[in-house]
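Reading through the structure tokens given below for one structure.
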Amino acid sequence: MNTYALRPDRFDRAGQDQLVDVRDLQAALPGIRRLRTWAHEALAVRPGEHAVDIGSGTGSEVITFAEAVGPDGSAVGVEPDPHLLASAERRAAQAGSTAKFHSGDAYGVPFGADSFDAVLCERVFQHLTAPARAANEIARVLRPGGRVVVVDSDWGTAIMHPGDRQVVREVIDTLVSATTNPLSGRRLPGLLTKAGLVVDDIGSQALVQDRSVGAGSLVTRISAMAVARGAITEAQRERLLDDLERAAATGDIHLSVTMFAVLAHKPH
């Protein structure tokens, strides 16, 4: 449950470097690595093709695309945050990669229609107020026959154990209400279908928080928000955090959220 949104505009340069570290750390989670492996296998990018990662972050997946497409293809990343763009460019240069990066977002991919054979979009839709616009943009830049994998969390699947059931429910409800598009995972197939794409497969992976961190920063923060909104009392919050810390010591703790990955294609 470590994928809570961070606001890059609130960090100085040292903080920006920390943000990059956090993004890389999140991507190192076993569940995300498994879904990324699934995504690349499903997209099956070939030499000479053109691939784009929308919301490319620190650029790791664009570099993977660049290796797959070879010298006759192209691999580009689209990212709205300038600090992450700069980090991605540095990473590509250090790797000797042909990956390229452009400023843009899911509502405005800076390329013409029918530009790409493969599109990846990971953990972007949960932050969008108009996800249908993003699905339409993906359909626009895909070539006929092109493939897309969209990956996102569904915060309605969050599990927290142990703890009083009502308190846990209120904390999870607070988490859901604090996310722009919290149920994005379950909505992806419908959004892509409405955009004119054909869904071919759906994968899923639970992101399970390392038991050694106990309640963790996300639960600590969201439970404080639940107190602030009057959903639980401070005493209930303290009891929940204590329960989780004690459970972590005995191994009887589980904190997770499920991510979904949808493979679709643009019909000819």
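Computed from heavy atoms alone, side chains included, the values below leave out hydrogens, waters and symmetry copies. Just so it is clear, the model here is predicted, and its values are computed rather than measured.
- Between Arg169 and Gln166, the side chains place a donor N or O and an acceptor N or O closer than 3.5 Å (distance only, hydrogens not considered).
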Practice problem: Quick one: do Gln209 and Val213 satisfy side chain to side chain contact (heavy atoms under 4.5 Å, CB included)? Show the steps, please. | Solution: CA-CA 8 Å; Gln209 182 164 289; Val213 303; 3.2 Å; yes
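- In this structure, Glu245 CD and Leu240 CG are separated by 10.0 Å, a value rounded to the nearest 0.5 Å.
- Connection of Ile222 to Ile253 is established within a shared hydrophobic cluster, with ILVMFWY side chains joined at heavy-atom distances below 4.5 Å, either directly or through further cluster members.
- Summarising the geometry, atom CG belonging to Asp210 is positioned 9.0 Å from atom CG belonging to Leu29; distances are rounded to the nearest 0.5 Å.
- Side-chain contact between His265 and Val148 is absent, with no heavy atoms from C-beta onward closer than 4.5 Å.
- When all heavy atoms of Ile54 and Ala106 are compared, the pair lying nearest together is CG2-CA, 3.8 Å.
- Residues satisfying the side chain to side chain contact (heavy atoms under 4.5 Å, CB included) criterion with Thr129, sequence neighbours excluded, are Tyr107, Thr180.
- In terms of heavy atoms, Ser60 sits closest to Arg91 at CB-NH1, 3.4 Å.
- Contact annotation: the side chain of Pro47 never approaches that of Asp72 to less than 4.5 Å [non-hydrogen atoms, C-beta and beyond].
- Cluster partners of Ile63, using a side-chain heavy-atom cutoff of under 4.5 Å among ILVMFWY residues and allowing indirect links: none.
- Under a hydrophobic-cluster definition in which Ile, Leu, Val, Met, Phe, Trp and Tyr are linked whenever side-chain heavy atoms come within less than 4.5 Å, directly or via other members, Leu35 and Trp155 are assigned to the same cluster.
- Residues passing the side chain to side chain contact (heavy atoms under 4.5 Å, CB included) test with Pro267, sequence neighbours excluded: Val198.
- When the side chains of ILVMFWY residues are joined at heavy-atom separations under 4.5 Å, either directly or via intervening members, Leu43 and Val150 end up in two distinct hydrophobic clusters.
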Self-check item: Criterion side chain to side chain contact (heavy atoms under 4.5 Å, CB included) on Arg237 and Thr233, from CA distance to verdict
Solution: CA-CA 6 Å; Arg237 174 179 182 259; Thr233 67; over 6 Å; no
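- The main-chain N or O of Val167 is never found under 3.5 Å from a side-chain atom of Gln236 such that the two would form a donor-acceptor pair.
- Atom CD of Glu170 and atom OG of Ser177 lie 10.0 Å apart (nearest 0.5 Å).
- Once rounded to the nearest 0.5 Å, the distance linking CZ of Arg133 with CG of Leu191 reads 13.5 Å.
- The side chain to side chain contact (heavy atoms under 4.5 Å, CB included) check on Pro189 picks up Val199, Ile202, Val262, with sequence neighbours excluded.
- The two residues Phe125 and Pro131 have their closest heavy-atom pair at CE2-O, 3.5 Å.
- Around the CZ atom of Arg143, the shell of radius 6.0 Å holds more than 12 heavy atoms that belong to other residues, nucleotides or ligands.
- Leu241 has its side chain within reach of Ser223: a pair of non-hydrogen atoms, C-beta onward, lies under 4.5 Å apart.
- Judged as a salt bridge (Lys or Arg N to Asp or Glu O under 4.0 Å), and not counting sequence neighbours, the contacts of Glu49 are Arg46, Arg147.
- Checked against salt bridge (Lys or Arg N to Asp or Glu O under 4.0 Å), Asp164 has no partners two or more places apart in sequence or in another chain.
- Residues Met160 and Met225 fall within the same hydrophobic cluster, defined by Ile, Leu, Val, Met, Phe, Trp and Tyr side chains chained together at heavy-atom separations under 4.5 Å.
- Under the 4.5 Å side-chain contact rule for hydrophobic residues, Ile32 and Val257 share a cluster.
- The salt bridge (Lys or Arg N to Asp or Glu O under 4.0 Å) search around Glu41 returns none, not counting sequence neighbours.
- Pairs of residues two or more places apart, or lying in two chains, that qualify as ring-ring contact (aromatic ring centres under 6.0 Å, His included) and include a residue from residues 47-74 are His40-Phe65.
- Across all non-hydrogen atoms, the minimal contact from Ala215 to Leu255 is O-CD1, 3.6 Å.
- Side chain of Ser153 to main chain of Gly185: no donor-acceptor pair is present (N/O by atom type, distance under 3.5 Å, no hydrogens or angles).
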Quiz prompt | Stepwise side chain to side chain contact (heavy atoms under 4.5 Å, CB included) check, Val52 with Leu120 | solution = CA-CA 6 Å; Val52 62; Leu120 176 65; over 6 Å; no
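- Annotation: side chain to side chain contact (heavy atoms under 4.5 Å, CB included) contacts of Leu85 (sequence neighbours excluded): Glu79, Phe101, Ser103.
- No side-chain heavy atom of Val141 sits under 4.5 Å from any side-chain heavy atom of Asp114.
- Side-chain contact, Thr250 with Asp252: no donor N or O sits under 3.5 Å from an acceptor N or O.
- Judged by distance alone, the side chain of Asp152 and the main-chain N or O of Gln126 form a donor-acceptor pair under 3.5 Å.
- Here the straight-line distance linking atom OG of Ser256 with atom CG of Leu207 works out to 8.0 Å at 0.5 Å rounding.
- Within the 3.5 Å criterion, the main-chain N or O of Val109 finds a donor-acceptor partner in the side chain of Glu137.
- Between Thr174 and Ala231, the shortest heavy-atom contact is OG1-CB, 4.5 Å.
- With 3.5 Å as the limit, one finds no donor-acceptor pair spanning the side chains of His127 and Asn181.
- Qualifying ring pair (Phe, Tyr, Trp, His ring centres under 6.0 Å) partners for Phe111, counting only residues two or more places apart in sequence or in other chains: His102, Phe116.
- Scored by the salt bridge (Lys or Arg N to Asp or Glu O under 4.0 Å) test, Arg186 finds Asp154 as partners (sequence neighbours excluded).
- How far CG of Asp81 is from OG1 of Thr58: 11.0 Å, rounded to the nearest 0.5 Å.
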Practice problem: For Val149 and Trp38, run side chain to side chain contact (heavy atoms under 4.5 Å, CB included): C-alpha distance rounded to whole Å, both residues' side-chain angles, the deciding distance at 0.1 Å, then the answer. | Solution: CA-CA 9 Å; Val149 169; Trp38 185 94; 4.2 Å; yes
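- At least one donor-acceptor pair closer than 3.5 Å links the side chain of Ser97 to the backbone N or O of Ala99.
- Checked by atom type and distance alone, the side chain of Lys266 never pairs as donor or acceptor with a backbone atom of Leu197 at under 3.5 Å.
- Sorted by first then second residue, the ring-ring contact (aromatic ring centres under 6.0 Å, His included) pairs that include residues 177-229, not counting sequence neighbours, number zero.
- Residues Cys121 and Ile138 approach most closely at CB-CD1, 4.4 Å, considering heavy atoms.
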